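What follows is a single structure, written as structure tokens, with notes after it.
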Amino acid sequence: MPLKIYNSLSRRKELFESLIPGMAGMYVCGPTVSGESHLGHARPYITFDVVYRYLMYKGFKVRYVRNITDAGHFEEEGREAIDKINTRAALEKTEPMELVQKYTNLYHWAMNQFNCLPPSIEPTATGHIIEQIAMIEELLRAGYAYEVNGSVYFDVMKYSAHYDYGKLSGRIPEDLLETTRQLEGQEEKRNKADFALWKKAPAKHLMRWKSPWGEGFPGWHIECSAMATKYLGKQFDIHGGGMDLLFPHHESEIAQSTICNQVAPVKYWMHNNMITINGKKMGKSYNNVITLSQLFSGDHPLLEKAYHPMVIRFSILQTHYRSTFDFSNEALQAAEKGLRRLWDAYTTLQSLGRMDDQGKTDRGLDEKINILLEGFEEFMDDDFNTAKVLANMFELVPYINSMKDKTILPESLTDETWRKMKTFFKIFIEEIFGLQAPGQTTDSKLEDVLQVLIDLRKIAKAKKDFVTSDRIRNELSAAGILLKDEKDGSVSYSIQ
RNA sequence: GGUCCUGUGGCCGAGUGGCUAGGCAGAGCUCUGCAAAAGCUCGUACAGCGGUUCGAAUCCGCUCGGGACCUCCA
């Protein structure tokens, strides 16, 4: 079945055809590691993790490149004052790479919690200064950039005379000239729409590299162009990132790469929408961020409790990636229960056995289930509609639970449907959606202890000593462990 | 101010010109020593006003509300 992707460039869904058959190249804008990632950052990484996984499922050999932006003005808040006093000892000074390391580690930790697969290549901006300088030189040579006082700018108006600057973001270059915003170094630019390729480092600036134009640091947009070209080629299939990067970041990337490579760099531009909080985008400048570690620990005034990374992942997948997703405790708690229900049914399904096909097939049921299963891939092919896939899964949950309770016999499905149900669930839940059990213990000692209590309770129940049996259940419940008497007489438990 | 997106039942959220989204919460029933879980049943929602159409929540226009980008931003 063919995959369709919504292309921000054309503003419609297009059939996905990779430039090289059987292979797919994808670049996703990664984090700036000057601070801890927050909930908003989780969205693109989870979204494109699923895109990555799905492309592999569709049989593509994928190279997934996601950068780390570690070049810029790196200073931890509050440290500047200290630096002024301690100027002598290297150990007492702010070391930008120390911050880079700290927040890169935190970021990797969070990605791990989310079960996001590591990208094929994770290049850093500081590791590609040479490539960026080479690209800037090429832009100067081509006449689309100019140097002023040790800084280099891209000449947007010249570019737009020959190319369409604004084709991605729908912007009109002339309009950009009238922007009223005050930008640093604005007076050096020929036009307000121009953007920096290389910035001369002020005396205070900690990160600096030698360049043909003096000591400085690369502009914001050039790193992605340089690294994407290096690892994916002059043209590649998918470029992803948040919608807020559409302009100017991605628009400028197109301009730079188009001049250097003589070809537009990206075939399919994909943009995920924002996570909002009380209707407002989550972002540093809005002062409404919840960092990922706060989210996982519940340590934030806006959080009623801690949320498991899988609950976050699940709720992000319950929303289509191009819609905004409004954060609320209610939404996450609903997701928490939903995920548990889905996961329980999934586990149940995997544990269910059945006899061979004995001609007991219930055709209506078999067909119904087949349609729901076929929907998984069909919906994913329709611009990665994870929300619809999950809806289908939930529709299958009652059938699975009924099979467990024997109100529906697994034998009422054909062998083929039965196998399909088991494998599709496994592939889509675990391999494509990357979901995992939402909070399970594997502590065997705890399991042993629980088994003792369950046995004691069983004895009490057999003697109709419900005071004792209920006490065991209630006190375990208060401790966050729920006992369930199953219909077949066994007892199961789940840890909250 | 410019460009663009959006407004769905108590909450979160899919979606298509005519056919039940789904989750959570709520109500009733079944099962159960009681619970929990599970199963069954129940809500007839699509900002407002016009228009196109045999038919629109889905297309068009206007009004109102929300948001994003235009500056670092996932």
Side-chain angles (χ1 to χ4, degrees), chain A residues 11 28-32 34-35 37-48 69 72-73 166 169-172 174-176 178-184 186 192-193 195 220 240-249 251 271-276 279-286 289 314-315 318-320 322-342 344-345 348 375 379 382 385-395 397-402 404-405 407-408 461 464-466 469-470 473-474 477 482-487 492-494:
Chain A
R11 291 166 200 240
V28 173
C29 288
T32 301
S34 60
S37 298
H38 57 71
L39 174 58
H41 296 112
R43 176 96 104 138
Y45 307 135
I46 289 171
T47 297
F48 291 105
T69 298
H73 191 59
S169 57
R171 231 137 287 231
I172 298 159
E174 282 70 23
D175 291 349
L176 298 171
E178 286 158 28
T179 173
T180 54
R181 313 279 172 162
Q182 208 49 49
L183 279 162
E184 207 177 322
Q186 195 71 275
K192 282 184 173 175
F195 55 87
W220 176 37
M243 261 181 187
D244 49 350
L245 297 180
L246 221 118
F247 188 88
H249 187 52
E251 194 71 61
H271 294 277
N272 63 274
N273 215 135
M274 302 293 100
I275 286 183
T276 59
K280 288 261 190 294
K281 171 187 171 181
M282 186 176 288
K284 237 182 195 170
S285 41
Y286 295 85
V289 301
F314 175 78
S315 51
Q318 259 193 319
T319 310
H320 185 85
R322 283 190 288 110
S323 301
T324 53
F325 168 54
D326 197 48
F327 164 87
S328 69
N329 283 286
E330 292 85 343
L332 288 186
Q333 280 162 34
E336 190 169 46
K337 288 180 186 165
L339 174 59
R340 177 155 282 136
R341 178 169 145 85
L342 180 65
D344 284 349
T348 299
F379 296 145
D382 186 16
N385 200 329
T386 53
K388 282 194 97 174
V389 175
L390 287 172
N392 270 24
M393 286 180 179
F394 273 109
E395 285 201 60
V397 165
Y399 295 117
I400 294 169
N401 286 329
S402 295
K404 179 188 180 188
D405 293 341
T407 44
I408 291 177
K461 274 179 69 172
K464 302 229 183 278
D465 176 8
F466 297 122
S469 70
D470 287 353
R473 190 177 61 200
N474 293 340
S477 168
L482 287 185
L483 293 189
K484 286 186 266 188
D485 293 324
E486 300 292 346
K487 289 198 172 145
S492 68
Y493 59 86
S494 65

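Quick caveat, the model's predicted, so the values are computed rather than measured.
Distances from the side chain of A:Ala331 to the nucleotides B:rA35, B:rC12, B:rA74 place B:rC12 closest. Side chain of A:Thr319, nearest nucleotide from B:rA74, B:rA14, B:rG39: B:rA14. Taking every side-chain heavy atom of A:Met282 into account, B:rA74 is the closest of B:rA36, B:rA38, B:rA74. Of the listed nucleotides (B:rG39, B:rG15, B:rG33), B:rG15 has the atom at the smallest distance from the side chain of A:His320.
Rounded to whole angstrom, the span from the NZ atom of A:Lys192 across to the P atom of B:rG2 amounts to 17 Å. Going from atom CG of A:Asp344 over to atom P of B:rG39 covers 11 Å, rounded to whole Å. Going from atom CZ of A:Phe325 over to atom P of B:rC11 covers 16 Å, rounded to whole Å. One atom, CG of A:Asn401, and another, P of B:rC31, lie 19 Å apart when rounded to the nearest Å.
Residue contacts shown for A:Asp485 include a base, since a base heavy atom lies under 4.0 Å away. Base contact: A:Lys461 has a heavy atom under 4.0 Å from a base atom. Residue contacts for A:Ile172: at a heavy-atom cut-off of 4.0 Å it reaches no nucleic acid atom on any strand shown. Residue A:Met393 is out of contact with every strand shown, counting any heavy-atom pair closer than 4.0 Å. Counting any heavy atom pair closer than 4.0 Å across all strands shown, A:Ser402 reaches sugar-phosphate atoms only and no base atom. Residue A:Gly40 is classed as a base contact, given a heavy-atom separation below 4.0 Å to a base. Across all strands shown, A:Asp470 has heavy atoms under 4.0 Å from base atoms, whether or not it also approaches the sugar-phosphate.
Residues satisfying the ring pair (Phe, Tyr, Trp, His ring centres under 6.0 Å) criterion with A:Phe327, sequence neighbours excluded, are absent altogether. For A:Lys280, the side chain to side chain contact (heavy atoms under 4.5 Å, CB included) partners at least two apart in sequence or on another chain are A:Tyr286, A:Asn288. The side chain to side chain contact (heavy atoms under 4.5 Å, CB included) search around A:Asn385 returns A:His320, A:Phe379, A:Ala387, A:Lys388, not counting sequence neighbours. With sequence neighbours excluded, no residue forms a side chain to side chain donor-acceptor pair (under 3.5 Å) with A:Asn392. In terms of the ring pair (Phe, Tyr, Trp, His ring centres under 6.0 Å) criterion, A:Phe314 has no residue partners (sequence neighbours excluded). Residues passing the side chain to side chain contact (heavy atoms under 4.5 Å, CB included) test with A:Met393, sequence neighbours excluded: A:Leu342, A:Phe376, A:Val389, A:Leu390, A:Phe425, A:Phe428, A:Ile429, A:Phe433. Judged as a side chain to side chain donor-acceptor pair (under 3.5 Å), and not counting sequence neighbours, the contacts of A:Asp382 are A:Lys13. Residues satisfying the side chain to side chain donor-acceptor pair (under 3.5 Å) criterion with A:Asp326, sequence neighbours excluded, are A:Thr276. With sequence neighbours left out, A:Glu251 forms a side chain to side chain contact (heavy atoms under 4.5 Å, CB included) with A:Tyr165, A:Lys167, A:Leu168, A:Ser169, A:Phe247.
For the C1' atoms, the distance from B:rU63 to B:rG18 is 28 Å, rounded to whole Å. Comparing the C1' positions of B:rG65 and B:rC49 gives an interatomic distance of 15 Å, to the nearest angstrom. To the nearest whole angstrom, the two P atoms, one in B:rC5 and one in B:rC62, are 14 Å apart. When the P atom is compared between B:rU53 and B:rU44, the two are found 31 Å apart, to the nearest whole Å.
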Every protein N/O lying under 3.5 Å from an N/O of nucleotides 66-69 of chain B:
from, atom 1, to, atom 2, distance (Å)
B:rG67, OP1, A:Lys280, NZ, 2.2
B:rA68, OP1, A:Lys281, N, 3.4
B:rA68, OP1, A:Tyr286, OH, 3.4
B:rC69, OP1, A:Lys281, NZ, 2.3
B:rC69, OP2, A:Tyr286, OH, 3.1
B:rC69, O2', A:Arg171, NH1, 3.3
B:rC69, O2', A:Arg171, NH2, 3.4
B:rC69, O2, A:Arg171, NH1, 3.4

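For A:Asn385 and A:Pro44, each mapped to the nucleotide of RNA chain B holding its nearest heavy atom, the one lying further toward the 5' end belongs to A:Asn385.
Taking side-chain N and O atoms only, A:Thr32 has a distance below 4.0 Å to OP1 or OP2 of B:rA74.
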Each nucleotide in nucleotides 20-30 of chain B should get exactly one letter: B, S or -. Can you fill that in based on protein heavy atoms under 4.0 Å?
-BSSSS-----
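When side chains are defined from C-beta on, A:Arg341 counts as touching A:Val397, because their heavy atoms get closer than 4.5 Å. A:Phe325 is not listed as a side-chain neighbour of A:Gln318, based on a closest heavy-atom distance of 4.5 Å or more.
With rounding to the nearest 0.5 Å, the separation of CE in A:Met274 from OG1 in A:Thr324 is 9.5 Å.
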Would you check, one step at a time, whether the test side chain to side chain contact (heavy atoms under 4.5 Å, CB included) holds for A:Lys484 with A:Asp344?
CA-CA 13 Å; A:Lys484 286 186 266 188; A:Asp344 284 349; 4.0 Å; yes
Any chance you could encode RNA chain B as dot-bracket? Rule is Watson-Crick or G-U wobble with both distances under 3.5 Å; [ ] for pairs crossing earlier ones, | for another strand.
(((((((..(((.....[...))).(((((.......)))))....(((((..]....))))))))))))....
